[in-house]
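See structure below.
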Amino acid sequence: MCGIVGVVSSNNVNEKLFNGLANLEYRGYDSVGMCFIKNKRFYIKKGVGKLEEVHKKVNFLKLNGNIGLGHCRWSTHGGVTEKNAHPHVDCKNRISVVHNGIIENYSELKEGLIKNGHKFYSQTDTEVIAHLIEDSLKDSRIEDAVRNALKRVEGSYALGILFAGQPDKLIAARNESPLVIGIGNNENFIASDVPSILSYTKKVIYLDDKEIAVLTKEHVGIFGLDGNKKNKKTQTISWSAEAAQKSGYRHFMLKEIYEQPRAIADTLDERLLNGNVVFEKEFSLADDYLTKINRIVIVACGTSWHAGLIGKFMLEELAKIPTDVEYGSEFRYRHPLLDKNTLVIAISQSGETADTIAALKEAKKHGVKTLSICNAMGSSITRMSEGVIYTRAGPEIGVASTKAFTTQLAVLYLFTILLSKIRKTLNEKQIKDMIEGIRRIPLQLQSVLDEDDEILKCAELYHHKLNSIYLGRGVNFPIALEGALKLKEVSYIHAEGYPAAEMKHGPIALIDKSMPVVFIAPHDVYTYKKVLGNIEEVKARGGIIIAVATENDKEIPKKAKHTIFIPKTLYTLSSILSVVPLQLLAYHIADKLGRDIDKPRSLAKTVTVE
Ligand code: F6R
């Protein structure tokens, strides 16, 4: 996945690059490197490990210059070694490149370059780009050489390129990997995401595929691969720089869990007016069209896919629209059947997940309308869809998704209300109850957060367990999946999410007195009584039961070893509340185990490779 950042300025840029990299580290932390130009020469420092570890060895802040690039790596081609750390240079050390993405035809390009006398230093796919540019350079301008080189490249890239002989010019290019240009005051930036440069500028231009940007400190020019100049819109980001800081919390994940009442309140803000749901202009899907759709297909990955599963409950039960939920990575290879009355919804925090983008592209080939539910303004997915509804979680930095998930649920719920109203599947009283229900959620979330001591107690008792099972039925089953995913990714403990009744068809064999079993069992009219039976089944086998239950539930505390209470709410809304104890449980267990919570091993926040 990798993170890249670059600055060209009238001042020394080393702190800006260093801070940018610190904010981008969630994208990859195998190795890190920086490059500056001084006196028309490159000064490069790099090493294996996280930014702080490498910084202790090489002191990045000793480097200085008015132009530079930084990179943090999540390895794909070539092992985790100093040689494979970026930046990579050409034979004559005149061109320096940082890259996020995968060059798919790098083997054949490398073979050809070697035949032409190029010497390779690393095993990465990235290094071919430096040599290709060198090959194309001859008498042409650096930007033309970059264009010509990129015409030979297949695959995905976000690139930052420096040329030692032109210390006033930073070149960037993008194809299927995220890259944003930041417009500063007498300085300009490139970065893999907005939060990494948010302290320096809120004005950004999003590069599109197959575009090249040429940055000096005063000017940004954007061109197609054909060399034609493009006029691009500068957008102003509404996130504050403070929102991307830890603000006194030990980890971003904890801060982001605790931010959820605010994030939901922001997501609702000015969208509930006079008993109606009102989205902003970028929603853009007409009532007439929304009345006609007869099927919805949701595409997403990971936690966002879990949000989609809950969305299915909302859309089918309330808006009465048949809904399928697909993994982005599976959808495009399945020959999906879509017609003009199918709406495809992509859910993504980052808006840059390669598998979700690929699914959206597949959907568009069928000529259907698409809607994205996304947290990152201006990201690829939002630019590809006809309609957009933004979650307003603010920047999510912790690799484990928390507030993005609950705000996705809030948006799906709002969209369901809108559809139910337009399609008249619910009456006014039902719509009013739904609106009142979600309005109460921010306050109710606060009371769930107040249960943190009880959750911490569970973490203290069970953090040494090697396995656990999460069980729920109906709308609580996706929450079981999400709870298990949270535990796996931040604590590295094996966890399985299952529909509670499905347990007896196999997984029940795993249960003995050493197995923690987390039941998501808020009171509802559908499955509650059945779940009580499932709890008994686990209890009979000695399993350690931790239950999430509705306040004042008298039955569950009699059966469970630990009960965490959530306030009473509507069935489809309970998921926003019941996931929070599971996020906290995963967090505290990982903390007790001393895990690197915001940067769990092998994971990256934005998965930009398929
Ligand atoms: C899990 C997690 C991932 C993401 C997935 C999709 O905590 O964060 O499973 O949900 O990679 O990412 P987005 O939502 O950015 O498309």
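Start at 1 and go down the list; that is how both ligands and their atoms are numbered. As the structure is a computational prediction, the values presented were derived from the model and not from experiment.
- Listed by number with element, the atoms of ligand 1 under 4.0 angstrom from any heavy atom of K486 are 1 (C), 7 (O).
- Note: no N/O pair closer than 3.5 Å links T356 and ligand 1 by distance alone.
- For H77 and Y106, the distance between ring centers is under 6.0 angstrom.
- Heavy-atom contacts of S348 reach the following atoms of ligand 1: 13 (P), 14 (O), 15 (O), 16 (O) (cutoff under 4.0 Å).
- For V399, a nitrogen or oxygen atom sits less than 3.5 Å from a nitrogen or oxygen atom of ligand 1, counting backbone and side chain alike.
- Between T353 and ligand 1, at least one N/O pair is under 3.5 Å apart.
- The ligand atoms of ligand 1 that sit less than 4.0 angstrom from a heavy atom of S304 are 10 (O), 13 (P), 14 (O).
- Closest protein heavy atom to atom 3 (C) of ligand 1: T303 N, 4.0 Å.
- In E489, the part holding a heavy atom less than 4.0 Å from any atom of ligand 1 is the side chain.
- Taking each heavy atom of R27 and P178 in turn, the nearest pair found is NH2-CG, 3.7 Å.
- Between the side chains of Q349 and S304, not a single donor N or O lies within less than 3.5 Å of an accepting N or O.
- Between H251 and Y587, the ring planes lie perpendicular to each other; the angle is over 60°, past the 30° to 60° tilted range.
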| Full working for salt bridge (Lys or Arg N to Asp or Glu O under 4.0 Å) between R383 and D208 | CA-CA 9 Å; R383 285 176 289 141; D208 282 307; 2.2 Å; yes
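- Within the 4.5 Å cutoff, no side-chain heavy atoms of I544 are placed close to those of V517.
- Ranking the protein heavy atoms by distance from atom 5 (C) of ligand 1 puts C301 O, 3.6 Å first.
- Annotation: Y462 is in aromatic contact with H562 [ring centroid separation under 6.0 Å].
- Of the protein's non-hydrogen atoms, the one nearest atom 11 (O) of ligand 1 is V607 CG2, 4.0 Å.
- Inter-residue side-chain proximity for P600 and R595 is flagged as unmet; no heavy-atom pair is nearer than 4.5 Å.
- For ligand 1, the atoms sitting less than 4.0 Å from at least one non-hydrogen atom of A400 are 7 (O), numbered in the order shown with element in parentheses.
- Residue E352 places no heavy atom under 4.0 Å from ligand 1.
- Ring-centre distance between Y200 and F189: below the 6.0 Å cut-off.
- Atoms of ligand 1 lying under 4.0 Å from any heavy atom of S350, numbered from 1 in the order shown and given with element: 13 (P), 15 (O), 16 (O).
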